[in-house]
Number of protein chains: 2
Amino acid sequence: MTTPGRRPGDSGTRAAILAAAKEAFAASGYAATSVRAVARAAAVDPSLVLHFFGSKDGLFEAALELPMDPAVLVQGLLATPRDGLGETLVRTFLGVWDATPGQGPMLAMLRGAVSHEDSADKLRELLLRVILRPVAVGAGAGDPDRRAALLASQLLGLAVVRYVLRVEPLASAPVEELAPLLGPTLQRYLTGPVP
Amino acid sequence: MTTPGRRPGDSGTRAAILAAAKEAFAASGYAATSVRAVARAAAVDPSLVLHFFGSKDGLFEAALELPMDPAVLVQGLLATPRDGLGETLVRTFLGVWDATPGQGPMLAMLRGAVSHEDSADKLRELLLRVILRPVAVGAGAGDPDRRAALLASQLLGLAVVRYVLRVEPLASAPVEELAPLLGPTLQRYLTGPVP
DNA sequence: GGGGGAGTTCATCATGCGTTGAGTTCTACA
DNA sequence: TGTAGAACTCAACGCATGATGAACTCCCCC
């Protein structure tokens, strides 16, 4: 088709591939996404994908980069007053999802975690050890592991219902409507009694 | 290898294939499970799988049969007193998951729903329209669609955390310990104020 | 006891997969 | 200006996939 060899100037090829990969993995999960389909979507030769990312796994891993630094999130959460934490958690969580159009990397991560053992490990590590456990510790009500797991259950469930199953009316409700709905639940998991 | 033709007696081949399929789909999801792998696990020729189930999709659909009749579940839930519904819902939900060793069909359904559009539709239909919405209507506090979606978010999140990510301590907690933890959340979604 | 249908095997098809390697053109730095 | 290496194409590898169709054996009903 086209002549081989490097193109003049700064072609944004690598970025194009990465964008296509995020979209594809987000839409179909790991197994159902092929390197060749990503290449096709990026209008690029399949070998080039592997040239940049080494392997399908490498590509997948690269597609999972978060739209925000988790450490910053945690810091922000630890700085909010204890009795507003529940709602803030909802707002922060949904903010990260909505930071990328189509929820690319977040959806890819969730879809990945559900059928790819390795990325399940990764999500568990990130969401629980890095984010929710420190927040639960900061809330200072004891039993942080259990509280973190409860928080994860409500937050992940929200993501599944809103972004994967797209259940109405939650799927199209604005964040400001969801915060007071789910906030009290998270608040109880954070600081309420957990028998 | 073996001679072709029908075997004498009642070989439980169809059932063996179905069992292998449930296990495989539950473990790896739709895309990552191959007809041939199922056949291998059932010690059977791949054609036989398609002879019985028509296609990979047919096999998948067959693997999703619930271990319980949803109508019965709903009846049971509608018959419990309003103020105990939250905890009963947790117990019932987890009861269905734990009814099959390894959570076969339930996990297959969840894993399927997360990356297979058709089974997402199915799960939404079953969990919301067939089960949770009627329960929310029965609770009689208004706004059943929103309440049902909230219920789904907590219940599905619990399933993800407990059976997919296997987050401790929720993963190995007995049902009786989880009921009082999550019951109040569901109770609020059912009968509490939802602003 | 004959025949239709169900269970079973095997060979085969076209397609798509992830990955590799060789070859070509451009850039960056010496 | 020379050259190492990055960007890029193309052809090919070996393998797995879902599906089909023919052949064969057994069961059950007439």
Side-chain angles (χ1 to χ4, degrees), chain A residues 1-22 24-25 27-64 108 111-112 115-119, chain B residues 1-22 24-25 27-64 108 111-112 115-119:
Chain A
M1 256 336 190
T2 356
T3 81
R6 187 170 186 164
R7 302 288 172 271
D10 183 10
S11 68
T13 307
R14 200 195 130 102
I17 293 173
L18 196 51
K22 281 177 186 170
F25 283 126
S28 324
Y30 179 84
T33 297
S34 74
V35 170
R36 295 163 119 103
V38 170
R40 224 173 294 130
V44 136
D45 191 276
S47 319
L48 199 48
V49 175
L50 297 170
H51 168 68
F52 280 124
F53 299 96
S55 67
K56 183 182 178 180
D57 283 282
L59 178 64
F60 182 58
E61 215 154 305
L64 295 185
R111 287 222 158 90
S115 45
H116 199 248
E117 190 61 36
D118 289 2
S119 38
Chain B
M1 262 326 195
T2 357
T3 80
R6 189 170 187 166
R7 302 288 171 269
D10 182 10
S11 68
T13 306
R14 200 195 131 102
I17 293 174
L18 196 52
K22 282 178 188 171
F25 284 124
S28 323
Y30 179 83
T33 297
S34 74
V35 171
R36 297 162 117 103
V38 170
R40 224 173 295 130
V44 137
D45 190 276
S47 319
L48 199 47
V49 175
L50 297 169
H51 168 68
F52 280 125
F53 298 97
S55 67
K56 185 182 177 178
D57 283 282
L59 178 63
F60 182 59
E61 214 154 306
L64 295 185
R111 287 221 157 91
S115 45
H116 200 247
E117 190 60 38
D118 289 1
S119 36

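Residue numbers start from 1 in every chain, and the chains themselves are labelled A, B, ... in the order their sequence lines are given, proteins ahead of strands.
The shortest distance between the side-chain N/O atoms of A/R14 and the OP1/OP2 oxygens of D/dC8 is not below 4.0 Å.
Looking at the side chain of A/K56, the nearest of the listed nucleotides D/dA7, C/dT19, C/dT8 is C/dT19. The side chain of B/S55 lies closest to D/dA19 when the candidates are C/dT19, D/dA19, C/dT8.
Atom-to-atom distance recorded for A/H51:NE2 and A/R14:CZ is 9.5 Å, nearest 0.5 angstrom. Atom OG1 of A/T13 sits about 6.5 Å away from atom CG of A/L48, to the nearest 0.5 Å.
Across the protein-nucleic acid pair, B/R40 atom CZ and D/dT17 atom C1' stand 11 Å apart, rounded to whole Å. For the pair B/H51 NE2 and D/dG21 C1', the interatomic distance rounds to 13 Å; values are reported in whole Å. The CZ-P distance, from A/F53 to D/dA7, rounds to 11 Å in whole Å. Per the geometry, CG belonging to B/L48 stands 6 Å off P belonging to C/dT9, to the nearest Å. Computed from coordinates, the B/D57 CG to D/dA19 C1' distance equals 13 Å when rounded to whole Å. Between the CG atom of B/L59 and the P atom of D/dT17 there is a distance of 14 Å, rounded to whole Å.
With sequence neighbours excluded, the residues that form a side-chain contact (heavy atoms from CB on, under 4.5 Å) with B/D57 are B/Y30, B/S55, B/H116. By the side-chain contact (heavy atoms from CB on, under 4.5 Å) test, B/T33 is found to be paired with B/A24, B/F25, B/S28, B/V38, residues two or more places apart in sequence or in another chain being considered. The salt bridge (Lys or Arg N to Asp or Glu O under 4.0 Å) check on B/E61 picks up B/K122, with sequence neighbours excluded. With sequence neighbours left out, the side-chain contact (heavy atoms from CB on, under 4.5 Å) criterion links A/L50 to A/V35.
Taken residue by residue, residues 31-38 of chain B places heavy atoms nearer than 4.0 Å to DNA chain D at B/T33, B/S34, B/V35, B/R36.
Contact of the B/L59 side chain with the B/F52 side chain is not registered, since no non-hydrogen atoms from C-beta on lie closer than 4.5 Å.
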What are the atom names and distances for every N/O pair under 3.5 Å that joins the protein to nucleotides 20-22 of chain C?
| residue | atom | partner | partner atom | Å |
| --- | --- | --- | --- | --- |
| C/dT20 | O4 | A/S47 | OG | 3.1 |

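Taking all atoms of both residues into account, the shortest heavy-atom contact from B/A39 to B/V49 is CB-CG2, 3.8 Å.
Residues in residues 35-56 of chain B take part in no salt bridge (charged side-chain N to carboxylate O under 4.0 Å, His left out) pair, two or more places apart or across chains.
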